[in-house]
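Take a look at the structure below.
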Amino acid sequence: MSVYSLNPVGTTPALGRQLRLRRLLGADGRMMSVALDQAVPRGVAPRLADIKNTFNRIIEGEPDAFTVFKGIAGHLLWDNDVTVPLIIKGSTFCVDFHPTYDATVGNVHDAIRLGADALAIGISAGSENQVAMLEMMSATTEEAHKWGMPVICHAYPSGELWGDRKGSTESVVYAARAAAECGTDIVKTWYTGSAAEFKQVVDAVPTPVVAAGGAPAPKPINVLEQAAAVMEAGGVGMTCGRNIWQAEDPAKMVRALRAVVHDGVVPSEAVKLLD
């Protein structure tokens with residue numbers, strides 16, 4: 001009897017998707033990434049205006065990945081030897097002009113051309129635009145998987161139809177589960193205030209769940225405490241924007257968050273890395 005080895009994926013896109021996810025989530029299946037995609041949704045803050053310097057300071061801390069729009073990627077990476085995985089943001093809302101509609105501004109082919117390891121898109125669950133957002137998310141995910149590109153969904157229950165339930169654990173569970181139902185590979189969603197509450201989100205979503213870093217925290221240790229609670233709940237990590245690039249030393253903040261996410265360091269010890 002001949003002995004041979006089967007290639008389980010052949011030449012399908014499954015291998016590309018698996019390799020990209022492996023780079024994003026690493027050997028321990030966890031991810032501490034940085035969001036640099038807030039200029040359009042929230043305005044051009046000073047640190048975002050000085051994007052090259054801000055980026056270089058962040059990368060010194062060795063995050064697991066970073067997210068930018070397609071037009072910014074070349075400015076940051078063309079003459080830089082950075083090997084940190086790139087996530088291209090393919091849609092965006094704007095708090096001032098279209099808060100519950102993510103306009104499509106990039107696609108899977110942009111992500112492939114730019115050498116990205118994932119495409120990120122967003123939805124506003126519970127909004128009058130939910131139908132369009134679900135259709136966009138499903139179609140984008142289907143196309144991305146044809147090319148071996150993972151999809152990260154920023155699934156936020158930001159819609160106006162929630163009323164006073166907006167931001168509740170119920171609404172976050174719904175938004176995150178909708179992203180999983182449509183086939184996205186990683187779900188990024190709002191933190192729900194405690195490990196016990198966020199565990200309800202993680203338990204209801206059969207794909208890896210990452211917590212968004214949220215609004216600027218009163219103190220750095222509050223960000224580390226949130227990260228610790230997310231990990232306790234079973235989340236795979238954190239994606240932080242303002243709480244990193246507005247920090248006194250962004251690289252140190254990245255290292256402190258990495259210590260919590262990857263090494264299980266308690267916040268009271270991790271905060272010492274900021275000294």
Side-chain angles (χ1 to χ4, degrees), residues 9 13-35 37 62-67 84-91 108 111 116-123 125 134 137-138 140-142 144-145 147-157 169 171-192 194-214 223 226-241 244 254 257-264:
V9 296
L15 180 60
R17 178 168 164 265
Q18 173 75 351
L19 292 176
R20 289 182 172 100
L21 284 169
R22 192 179 299 167
R23 287 193 287 267
L24 288 171
L25 294 171
D28 61 1
R30 298 179 176 186
M31 183 170 73
M32 194 277 110
S33 64
V34 181
D37 60 333
E62 300 182 333
D64 295 312
F66 69 98
T67 303
V84 175
L86 164 67
I87 301 169
I88 290 296
K89 187 69 181 297
S91 71
V108 61
D117 278 311
L119 175 68
I121 55 174
I123 61 168
L134 292 177
M137 176 170 55
S138 184
T140 298
T141 302
E142 182 71 18
H145 287 174
W147 294 92
M149 181 65 63
V151 177
I152 300 171
C153 181
H154 298 195
Y156 303 149
T169 299
S171 69
V172 176
V173 166
Y174 178 85
R177 182 58 183 259
E181 294 276 352
C182 290
T184 58
D185 300 284
I186 297 173
V187 176
K188 173 189 170 189
T189 194
W190 289 347
Y191 176 60
T192 47
S194 71
E197 291 294 317
F198 200 69
K199 188 176 187 302
Q200 294 183 45
V201 181
V202 173
D203 288 348
V205 181
T207 56
V209 177
V210 173
V223 185
Q226 177 180 330
V230 168
M231 304 314 294
E232 180 185 344
V236 301
M238 286 265 290
T239 297
C240 289
I244 287 178
V254 171
L257 279 165
R258 280 186 55 86
V260 174
V261 170
H262 287 287
D263 303 322

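Computed from a predicted structure; not experimentally measured.
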Indicate yes or no: at least one non-hydrogen side-chain atom of [X] is less than 4.5 angstrom from one of [Y].
X: Lys188; Y: Tyr156; result: yes
X: His262; Y: Asp64; result: yes
X: Ile186; Y: Leu25; result: yes
X: Pro157; Y: Trp190; result: yes

Test side-chain contact (heavy atoms from CB on, under 4.5 Å) applied to Ile244 and Leu257, step by step = CA-CA 9 Å; Ile244 287 178; Leu257 279 165; 3.9 Å; yes
key: Within 6.0 angstrom of Glu181 CD, more than 12 heavy atoms from elsewhere   =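 More than 12 heavy atoms, drawn from other residues, nucleotides or ligands, come within 6.0 Å of this atom.
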Find the distance between [atom1] ([X]) and [atom2] ([Y]) and round it off to the nearest 0.5 Å.
X: Ile88; Y: Asp117; atom1: CD1; atom2: CG; value: 10.5 Å
X: Thr184; Y: His154; atom1: OG1; atom2: NE2; value: 10.5 Å
X: Met32; Y: Met238; atom1: CE; atom2: CE; value: 7.0 Å
X: Met149; Y: Asp185; atom1: CE; atom2: CG; value: 10.5 Å

Evaluate the criterion side-chain contact (heavy atoms from CB on, under 4.5 Å) for residue pair Ile87 and Asp37; output intermediate values, then yes/no.
-> CA-CA 10 Å; Ile87 301 169; Asp37 60 333; over 6 Å; no
### Task
Give a yes-or-no answer on whether the side chains of Thr239 and Ser33 include a donor-acceptor pair shorter than 3.5 Å.
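Side-chain D/A pair, Thr239 to Ser33: present.
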Side-chain ([X]) to main-chain ([Y]) donor-acceptor, under 3.5 angstrom:
X: Ser138; Y: Cys182; result: no
X: Arg258; Y: Glu62; result: yes
X: Arg30; Y: Val261; result: yes

**OP:** Determine, step by step, whether Gln18 and Val9 satisfy the side-chain contact (heavy atoms from CB on, under 4.5 Å) criterion, reporting the C-alpha distance in whole Å, the side-chain angles of both residues, the deciding distance to 0.1 Å, and the verdict.
**Re:** CA-CA 10 Å; Gln18 173 75 351; Val9 296; over 6 Å; no
Exercise. Please report the shortest heavy-atom distance between His145 and Pro13, naming the atom on each side.
Key: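 For His145 and Pro13, the tightest heavy-atom pair comes out as O-CB, 3.4 Å.
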According to side chain to side chain contact (heavy atoms under 4.5 Å, CB included), who are the partners of Val202, at least two apart in sequence or on a separate chain?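 Side chain to side chain contact (heavy atoms under 4.5 Å, CB included) check on Val202 returns Phe198, Val209.
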